[in-house]
Structure formats: C-alpha cells, structure tokens
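Right, one structure below, let's go through it.
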Amino acid sequence: PHQQLAFARRFGEIVRYPLIKGLDDCPDIIPVVKLPHETNNFGGLWHSDMAYTEEPPLGSILCARELPATGGDTIWANMYMAYETLSEGMQALLSDLVGINVSNTAASARTRVHRIAEAGTGAPVHVAEHPVVRTHPETGRKLLYVNFGHTTCFKGMTEAESKPILETLFAHQVRPEFTCRFQWRPGSIAFWDNRCTQHNPVNDYHGHKRVMHRVTLAGSRPI
C-alpha cells in the first residue's frame, strides 16, 4: 500500500473517497471488497468516479490484491468516442445542458451498502452540477460527461423529461466498440483518466472473494 501511494503521488495530489473508510494504516487507500456471501459488488455499474463532487477526480489507481479464480474483469468506455459519434443534432442539443449528479441513486447505493454498513457512519449525500459536454483540461477534446451511476436529470428539467434523453445517452456511451476489457491478475494495476472514461466492474464471481486497493487523484471542476 505504501508503494502504491508513492506511485500515485508522482501524478498528482491524493484525495480521499468520501463514502468509505480507508485502510487503518493507509487511510488514503480504500479497500474495494466483495465477500463470498455478497451478491452486490462495489461500484458494480457504469459510472465515472465521484461525479457527484464539485471537483471530480483526475483519475484512480486500482491494484488487485485478492482475486477469484475466474471473473471479476473491469470494462472501460471511451467518452471521447461516445461524444464524437453522436449526431450533429444531438451534439447541439447537449451543448448547453447541465447534468445533476448525486451520490445516492438507488442503483449506485446498492453497490456499496455492505461497505457503508461496515463503516457505521452512514452515507452523506453529495450533489454536483456539471456540463453534459465537458472539455478535457489537457487535450482540449470534447467528451460526453453523464453516467448511469450518478446523473439523474438535466438542470431546469424534471427527471421524467430528462429520462428519455439520458437513457439514450447511457446506452450509446457503452457501445462495445467504445470499450476495452481488462482481465486482472494478482498485483495488476489499472490507472485510468476518470475525466474521459467510465468503468464497470463485472459482477460474475458470486461465492468468491475479491479485494482491490484504490487511490484517487484530485481533479478540477469540469468545464
């Protein structure tokens, strides 16, 4: 864990995940755990990490500590490609929209219920507003910045009005041709740019234990 922290500090400032307690000796690392009796896996849906914060992370670094014999892959999706393949009409529609992102959607809350219970502190609700079309601060490229795990509606619209557009975007942005799938091995490390990707840990290993260690790097306000 200390080596993982030292590696992470080469790329930016470390921030703590606000909903789960970190390791006792390395509180900046959160354990991402699924136990054999559990059926929900932590973060087990398409999402962008901490989109419900004012300054979502630059990225995360995940290290595999204990794995099931099979399964437990993670899939990433490219949000540059998701935006660039939208029709011109859809791009124009989305250009000025703002998404409302919350930490406690029903789908996302289910994926961390066991870890929240272990912490015994409850789960504070976080809400943030971000542009639906975001410009990457380093590449200057536009990308689609909504996600199934946390985006509930558009600012100035009801959830019912927003739902048809969001469902279309959620399906579009995870098309297979936008994705890659990573098969973990003990000690594997994945380091991703959280600003222009989404990810989904596949929940296909019921009855087995999986333990990962995650470090999160500070980001900036989306523009």
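- In the hydrophobic clustering of ILVMFWY residues, with side-chain heavy atoms under 4.5 Å counting as a link, Val15 and Leu23 come out apart.
- Shortest non-hydrogen contact noted between Arg134 and Pro222 is NE-CB, 3.5 Å.
- In terms of heavy atoms, Asp25 sits closest to Pro27 at C-CD, 3.7 Å.
- By the 4.5 Å heavy-atom criterion applied to side chains, Tyr52 and Pro18 are counted as neighbours.
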Which pairs would a plain distance check flag for residues 73-82, meaning a side-chain donor or acceptor within less than 3.5 Å of a matching protein atom at least two apart in sequence or in another chain?
| residue | atom | partner | partner atom | Å |
| --- | --- | --- | --- | --- |
| Asp73 | OD2 | Arg181 | NE | 2.9 |
| Thr74 | OG1 | Trp184 | NE1 | 3.0 |
| Asn78 | OD1 | Tyr80 | N | 2.9 |
| Asn78 | OD1 | Met81 | N | 3.0 |
| Tyr80 | OH | Thr139 | OG1 | 2.8 |

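- In this structure Val127 satisfies the side chain to side chain contact (heavy atoms under 4.5 Å, CB included) test together with Ile100, Val102, Val125, sequence neighbours excluded.
- Between Leu94 and Leu169 the shortest side-chain heavy-atom distance falls below 4.5 Å.
- Residues Ile223 and Pro137 fail the side-chain proximity criterion, which asks for heavy atoms closer than 4.5 Å.
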* Going through the distances and angles, do Met212 and Leu67 end up as a side-chain contact (heavy atoms from CB on, under 4.5 Å)? -> CA-CA 8 Å; Met212 319 290 277; Leu67 297 169; 3.9 Å; yes
* To do: Could you check Lys34 against His206 for side-chain hydrogen bond (donor to acceptor under 3.5 Å, both in side chains), going step by step and ending with a plain yes or no?
  => CA-CA 9 Å; Lys34 181 184 176 188; His206 292 336; 2.7 Å; yes
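- Residue pairs meeting the salt bridge (Lys or Arg N to Asp or Glu O under 4.0 Å) criterion with at least one member in residues 87-97: none, sequence neighbours excluded.
- Considering only heavy atoms from C-beta on, Leu97 stays 4.5 Å or farther from Val146 through its side chain.
- Taking Glu159 as the reference, nothing meets the salt bridge (Lys or Arg N to Asp or Glu O under 4.0 Å) condition, with sequence neighbours excluded.
- Atom CD of Glu54 and atom CD of Glu129 lie 8.0 Å apart (nearest 0.5 Å).
- At a threshold of 4.5 Å between side-chain heavy atoms, the hydrophobic network of Ile, Leu, Val, Met, Phe, Trp and Tyr places Val98 and Leu166 in two separate groups.
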* Asked: What do the steps show when you test Leu93 against Ile165 for side-chain contact (heavy atoms from CB on, under 4.5 Å), and what is the final call?
  -> CA-CA 10 Å; Leu93 173 66; Ile165 301 174; 4.2 Å; yes
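- To the nearest 0.5 angstrom, Leu58 atom CG is 6.5 Å from Glu138 atom CD.
- Glu55 and Gly219 make their closest contact through OE1-O, 3.9 Å (heavy atoms, listed as atom of the first residue, atom of the second, distance).
- When every heavy atom of Asp204 is checked against every heavy atom of Gly71, the shortest pair comes out as OD1-CA, 3.3 Å.
- We find the NZ-OG1 distance between Lys163 and Thr152 to be 12.5 Å, quoted to the nearest 0.5 Å.
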* From CA spacing to verdict: side-chain hydrogen bond (donor to acceptor under 3.5 Å, both in side chains), His172, Thr85 -> CA-CA 9 Å; His172 170 78; Thr85 53; 3.1 Å; yes
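- Between the side chain of Thr53 and the backbone N or O of Ala128 there is no donor-acceptor pair closer than 3.5 Å.
- A heavy-atom distance below 4.5 Å is not found between the side chains of Phe11 and Val215.
- Within the model, atoms CD of Glu66 and CZ of Arg210 stand 11.5 Å from one another, a figure rounded to the nearest 0.5 Å.
- Put simply, the side chain of Leu144 reaches to within 4.5 Å of the side chain of Val132, judged on heavy atoms.
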* Could you check Trp46 against Thr179 for side-chain contact (heavy atoms from CB on, under 4.5 Å), going step by step and ending with a plain yes or no? => CA-CA 12 Å; Trp46 280 108; Thr179 67; 4.2 Å; yes
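- Side-chain contact check for Glu84 versus Lys142: every heavy-atom pair is 4.5 Å or farther apart.
- In this structure, Ser162 contributes its side chain and Phe154 its backbone to a donor-acceptor pair below 3.5 Å.
- At a threshold of 4.5 Å between non-hydrogen side-chain atoms, the residues Ser48 and Tyr145 count as touching.
- Atom CD1 of Ile29 is separated from atom CD1 of Ile14 by 7.5 Å, given to the nearest 0.5 angstrom.
- The same ILVMFWY cluster, assembled from side-chain heavy atoms under 4.5 Å apart, contains both Leu5 and Ile189.
- Residue Pro56 comes nearest to Met50 through the heavy atom pair CB-O, 3.6 Å, listed as atom of the first residue, atom of the second, then distance.
- More than 12 non-hydrogen atoms from other residues, nucleotides or ligands lie less than 6.0 angstrom from CD of Glu177.
- Asp28 places no side-chain N or O within donor-acceptor distance of the main-chain N or O of Gly22, the cut-off being under 3.5 Å.
- Hydrophobic clustering (side-chain heavy atoms under 4.5 Å, transitive across Ile, Leu, Val, Met, Phe, Trp, Tyr) groups Met90 together with Phe170.
- Not one N or O on the side chain of His136 forms a donor-acceptor pair closer than 3.5 Å with the backbone of Leu143.
- To the nearest 0.5 Å, atoms CG (Asn147) and CG (Asn200) are separated by 11.0 Å.
- Scored by the side chain to side chain contact (heavy atoms under 4.5 Å, CB included) test, Ser60 finds Asp49, Trp192, Arg214, Thr216 as partners (sequence neighbours excluded).
- Counting non-hydrogen atoms of neighbouring residues, nucleotides and ligands closer than 6.0 angstrom, the CD atom of Glu13 reaches no more than 12 such neighbours.
- The backbone N or O of Ile61 lies less than 3.5 Å from a partner atom in the side chain of Gln4, making a donor-acceptor pair.
- Counted within 6.0 Å of CZ on Phe148, heavy atoms from surrounding residues, nucleotides or ligands total 12 or fewer; the atom is thus considered open.
- Identified under the salt bridge (Lys or Arg N to Asp or Glu O under 4.0 Å) test for residues 184-194, with sequence neighbours left out: Asp193-Arg195.
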